[in-house]
Amino acid sequence: METWRVIAGILIAIGGVILVLLAMAQTRDRKGATNSSVALAGAISLTIVVLLCVLSLTVLPGPVVWVIVAAVGVVNTVLLLTS
């Protein structure tokens, strides 16, 4: 496995953990949210992050992987600045 794939996977994972926590927090802040809806939002977002990490480590081409890394970074920045 190439080094750049491992670095990109780590960046996606770190940013993804923050996105999972933000998704759970925003779900919790909604009116009428239950504990199960917060857990479901966390499970869905964690599954998406894991899937992106696995795909970036194995089959996706380089430019697509780096676009995903950039997108995760931009989304994290926007969500952290607006919350």
Side-chain angles (χ1 to χ4, degrees):
M1 189 174 306
E2 296 96 346
T3 305
W4 67 267
R5 286 191 182 271
V6 174
I7 293 170
I10 290 170
L11 290 174
I12 292 170
I14 292 170
V17 168
I18 295 169
L19 287 176
V20 168
L21 294 175
L22 284 171
M24 292 176 72
Q26 288 181 350
T27 303
R28 185 195 65 226
D29 289 341
R30 271 191 258 146
K31 185 176 182 179
T34 62
N35 289 338
S36 61
S37 64
V38 174
L40 183 63
I44 290 171
S45 55
L46 183 66
T47 302
I48 291 171
V49 169
V50 168
L51 182 65
L52 282 176
C53 284
V54 169
L55 288 176
S56 70
L57 289 172
T58 56
V59 296
L60 291 177
V64 174
V65 172
W66 291 112
V67 166
I68 292 171
V69 170
V72 167
V74 167
V75 170
N76 270 328
T77 303
V78 169
L79 287 176
L80 287 172
L81 288 175
T82 58
S83 62

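Side chains included, hydrogens not; waters and symmetry mates left out as well; all remaining heavy atoms used. These figures come from a predicted structure and were not determined experimentally.
- Heavy atoms of other residues, nucleotides or ligands lying less than 6.0 angstrom from CG of Asn35 number 12 at most.
- Leu19 and Val67 fall into different hydrophobic clusters, defined by Ile, Leu, Val, Met, Phe, Trp and Tyr side-chain heavy atoms under 4.5 Å apart, directly or through other members.
- Other cluster members for Val78: Val74, joined by side-chain heavy-atom distances under 4.5 Å among Ile, Leu, Val, Met, Phe, Trp and Tyr.
- Under the 4.5 Å side-chain heavy-atom criterion for Ile, Leu, Val, Met, Phe, Trp and Tyr, Leu40 and Leu21 are members of distinct hydrophobic clusters.
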Quiz item: Stepwise, does the side-chain contact (heavy atoms from CB on, under 4.5 Å) test hold for Asn76 with Leu22?
Solution: CA-CA 9 Å; Asn76 270 328; Leu22 284 171; 4.3 Å; yes
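- Residues Cys53 and Val50 fail the side-chain proximity criterion, which asks for heavy atoms closer than 4.5 Å.
- Remark: side-chain polar atoms of Ser45 are paired, donor with acceptor, to backbone N or O of Ala41 under 3.5 angstrom.
- Atom CD1 in Ile12 sits 7.5 Å away from atom CG in Leu57 (nearest 0.5 Å).
- Considering only heavy atoms from C-beta on, Gln26 comes within 4.5 Å of Leu79 through its side chain.
- Ser36 approaches Thr34 most closely through the heavy-atom pair OG-OG1, 3.0 Å.
- Here the closest non-hydrogen pair linking Gly42 and Val20 is O-CG1, 4.0 Å.
- Between the side chain of Arg28 and the backbone N or O of Val38, no donor-acceptor pair lies under 3.5 Å.
- Grouping the Ile, Leu, Val, Met, Phe, Trp and Tyr side chains by contacts below 4.5 angstrom, directly or via other members, places Trp66 apart from Val54.
- Residues Leu11 and Val72 form no side-chain contact, since every pair of their non-hydrogen atoms from C-beta on lies 4.5 Å or further apart.
- Remark: side-chain polar atoms of Arg5 are not paired, donor with acceptor, to backbone N or O of Val65 under 3.5 angstrom.
- Tracing side-chain contacts under 4.5 Å through hydrophobic residues (I, L, V, M, F, W, Y), one reaches Ile18 starting from Ile68; they form part of the same cluster.
- Transitive grouping of hydrophobic side chains (ILVMFWY, heavy atoms separated by less than 4.5 Å) brings Ile48 and Leu51 into a common cluster.
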